[in-house]
There are 2 protein chains.
Amino acid sequence: MSPTNHQVRLAARPNGLPVQSDWSITEEPVPTPSAGELAVEIEYISVDPAMRGWMNAGASYIEAVEIGDVMRAGAVGRVSASENPGFAVGDHVYGGFGVQEHALSDGRGLVKVDPGLAPLPTYLGALGMPGLTAYFGLLDVGKLAEGDTVVVSGAAGAVGSVAGQIARIKGARVVGIAGGAEKCRWIVEELGFDVAIDYKGEDVRRALREHAPEGVDVYFDNVGGEILDAVLTRLARGARIVICGAVSQYNATGPVSGPSNYLALLVYRASMIGMVVFDYAARFGEATGALAGWLSEGRLISREHIVEGGVSAFPDALLKLFSGENTGKLVLSLGVE
Amino acid sequence: MSPTNHQVRLAARPNGLPVQSDWSITEEPVPTPSAGELAVEIEYISVDPAMRGWMNAGASYIEAVEIGDVMRAGAVGRVSASENPGFAVGDHVYGGFGVQEHALSDGRGLVKVDPGLAPLPTYLGALGMPGLTAYFGLLDVGKLAEGDTVVVSGAAGAVGSVAGQIARIKGARVVGIAGGAEKCRWIVEELGFDVAIDYKGEDVRRALREHAPEGVDVYFDNVGGEILDAVLTRLARGARIVICGAVSQYNATGPVSGPSNYLALLVYRASMIGMVVFDYAARFGEATGALAGWLSEGRLISREHIVEGGVSAFPDALLKLFSGENTGKLVLSLGVE
C-alpha cells in the first residue's frame with residue numbers, strides 16, 4: 001500500500017471543456033479509520049458524463065463539487081482497514097469514494113460487491129449506476145412494451161449499450177445511434193441491436209425514416225442537441241422520450257440548445273420525462289438481480305473501457321467522454337494488484 | 001337569408017404573420033341540402049391560434065388546409081333547411097363549418113347546442129373546444145391535485161382563462177401569466193386567479209420565484225418561447241408541463257425556439273406532455289356537464305371577445321390573437337339576427 005494518498009481536486013470551474021488547470025493533484029497521508037469507520041484502497045474509478053455538471057456552480061439534481069474538494073466519483077475498492085463491524089479487511093465495496101487512491105467511510109451508502117461473480121469494473125458498468133439507469137429509465141420511465149420500436153442515443157456508451165440490450169431482451173426492436181463505424185458494428189454484431197445509425201456519417205432523420213417507419217415508441221436520450229431534434233420528427237403516437245442526459249450540451253459555453261421540434265410532443269401526444277437513477281434506490285436490488293441474471297445467461301454484455309495511469313490520468317480520461325473515444329463504460333484503473 | 005354564401009378561402013401559405021393576400025373572399029349560391037343533408041346558417045365563428053398551424057403545408061396533428069379550400073373553423077349556427085331526420089329547421093348546432101356564412105353537412109360530428117342554457121358564443125368558449133382543452137389538459141394530462149401550485153400562460157386567453165378557473169375550483173393555487181395590466185387585473189379580480197404576472201412589464205423568472213416559492217407543480221403552457229423557459233427554472237419535483245400550444249412561435253419564420261432549459265426536466269424529474277383535445281372526444285359529455293355546472297353556479301366565467309364585421313373581417317380578427325388583443329375567447333359574429 002502506498003503511504004501517500006494521491007487525490008484529484010477541483011481547482012477551478014471550467015468554461016466549456018475542462019482543462020488541466022481546472023484540477024489540482026494533491027497528496028496527503030493514507031487515512032486511518034477511527035471507531036466506526038473503514039478505509040478503502042480504491043481499485044477502479046467510474047468516469048461519467050454527469051461529472052461535468054457537478055463541476056458547475058449551483059445545485060442541480062445533486063450539489064455541486066466545491067472548489068478545493070476531492071472530485072466526486074463512484075468507485076470500487078478493497079477494505080484495507082476497518083473499525084466498523086459491518087466490514088472486514090478484504091471485503092470489496094462500491095461507494096462514492098471520489099477521485100483518490102484511498103478513502104475513509106463510515107459505511108453508510110456502501111455496497112459490498114463480489115469479484116467472484118463479476119469483474120470489479122462491471123460493478124461500475126452494467127451492475128452499477130449505468131446499468132441501473134438503463135433499467136429504470138427504459139422500463140419505469142419509458143414504460144417499454146414488447147414490440148415497441150426503441151431508439152437509444154449514445155448507444156455505445158455505458159448507459160446506452162445496456163439500455164439497448166435490455167430493450168432487446170424485452171422484445172423491442174432497437175435502433176442505436178452512435179458515432180463511427182466501429183461503434184455501430186459493435187452494437188449490432190456483438191450487442192444484438194437491430195440497426196445502428198452512425199450520426200457522424202449518416203443523415204439521422206433520413207435513417208430514422210428508413211429504420212423506424214412506424215415511428216419511435218421510446219427514445220432513450222443520452223445526448224440531446226441535434227439528435228434529439230431529429231428523433232422528435234419521427235415519433236409514434238404516445239411516444240415516451242426519456243431524458244437521461246445530454247452529453248452534447250454539457251460543455252456548452254452559451255445557452256443549451258433546446259429541442260426546436262418540441263411541439264412534436266403535441267402532434268404525437270408524446271411525453272418527455274426527466275429521470276435521475278437515485279430516485280429508484282429502494283429497488284436497486286430488484287434491478288441488480290435482473291441485470292446479474294442476464295449477464296450470467298450471456299444475454300447482456302458489459303464492456304468496460306479501462307484507462308490506466310492512476311488518478312493523475314483522470315483529467316484526460318474525462319475528456320474521452322466528450323470526444324466520444326470510449327466504447328462501453330469508461331473506468332479509470334488505479335493499477336492496484 | 002342572404003342568397004349568397006360569402007366564404008374565406010386560403011389563397012397562399014403565409015410566411016410569418018398571415019397577410020391579406022393569403023386569403024381570398026369568394027361567393028357562391030347558398031347551398032341546398034340533398035337527401036340526408038342539412039344546411040346551417042352560421043352565426044358565430046371560432047377564431048383560434050391553432051388555425052395558424054393549419055395554414056402550413058404538411059399534416060400536423062390534423063391535415064393542412066389546402067390552397068383554395070374554405071378556411072377550417074369551428075362555428076355555431078341555426079339549421080336553415082334539413083333533409084336529415086336528426087335535425088330540424090331551427091335547431092342550433094356546433095360543427096366544423098368553416099369561415100363562411102352557410103354550410104352543408106351530413107350531420108356527422110355535429111353537436112346540438114341550447115341557446116337557452118348559454119349564449120351561443122359560449123359554445124365556442126368555455127362550453128366548446130377551449131373549455132374541453134382546459135379541462136382535459138389540466139385534469140388528465142396535468143394530473144392536477146388539490147394544493148398544487150399551477151401556472152397558466154396565455155391566462156387571459158380562451159383556454160388559459162378556463163384552465164386557471166378550473167384549477168381554482170379544484171383547490172389549487174393559481175398563477176396566471178398574461179400581457180398587460182388590464183388582462184392581469186381581469187384574471188385576478190374577476191376570474192379569481194391568486195396572482196397574475198404581467199410578462200410585458202415584469203421579469204417572469206423573478207415573479208415566479210416570489211409567487212411560486214415552493215415551485216410549480218403543473219404548468220399549462222399555451223405560449224412556448226421565453227415564458228416556457230422561465231417556468232422550467234422554477235419547477236417542483238415531479239412537475240407536469242402540459243404542452244397545449246405555443247402561440248409565441250406559430251408565426252416564426254425561422255426554426256421554432258426550443259426550450260433551452262429542458263434539462264430541468266431531469267433536475268426536477270418532471271415531464272412535458274403534448275395534448276390534443278380531440279383524443280378525449282369520448283368523454284366530452286362528462287366535461288361539458290362539469291363545465292356547464294360550474295357556469296350555472298357562477299364559479300366559472302366564460303368571456304367571449306366578439307368581433308363584428310362578417311366573414312370578411314376574419315383575416316384581421318385572426319391577427320388579434322398574435323398581437324394579444326383579445327381577452328377571452330375570440331369569436332367572429334356574422335351579424336345574423
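Every chain is numbered from 1 and lettered A, B, ... according to where its sequence line falls, protein lines coming before strand lines. Remember, it's a predicted structure, so these values are computed and weren't measured experimentally.
For A/R206, the CZ atom sits in a loose shell: 12 or fewer heavy atoms of surrounding residues, nucleotides or ligands are nearer than 6.0 Å. Other residues, nucleotides and ligands contribute over 12 non-hydrogen atoms within 6.0 Å of the CZ atom of A/R283. Atom CD of B/E202 is surrounded by more than 12 heavy atoms from other residues, nucleotides or ligands within 6.0 Å.
In this structure, B/P259 and A/Y262 approach most closely via the heavy-atom pair CD-CD2, 3.6 Å. Of all non-hydrogen atoms in B/L266 and A/G245, the two that sit nearest each other are CD1-N, 4.0 Å. Across all non-hydrogen atoms, the minimal contact from B/V267 to A/Y61 is CG1-N, 3.9 Å.
No side-chain donor-acceptor contact under 3.5 Å links A/S260 to the backbone of B/G258.
For A/S60, the parts lying near chain B are the backbone and the side chain together; criterion is any non-hydrogen pair under 4.5 Å. Only the side chain of A/R237 has a heavy atom closer than 4.5 Å to any heavy atom of chain B. Contacts of B/M275 with chain A are made by backbone atoms alone, with heavy-atom separations under 4.5 Å and no side-chain atom involved. Contacts between B/L235 and chain A at a heavy-atom distance below 4.5 Å are absent for every atom of the residue. Of the two parts of A/I243, the backbone and the side chain both hold a non-hydrogen atom closer than 4.5 Å to a non-hydrogen atom of chain B. For A/L232, no part lies under 4.5 angstrom from a heavy atom of chain B.
Between chain A and the options B/A270, B/A246, B/S257, B/C244, the largest number of non-hydrogen pairs under 4.5 Å is found for B/A270.
Atom CD1 of A/I241 is separated from atom CG of B/L265 by 10.0 Å, given to the nearest 0.5 angstrom.
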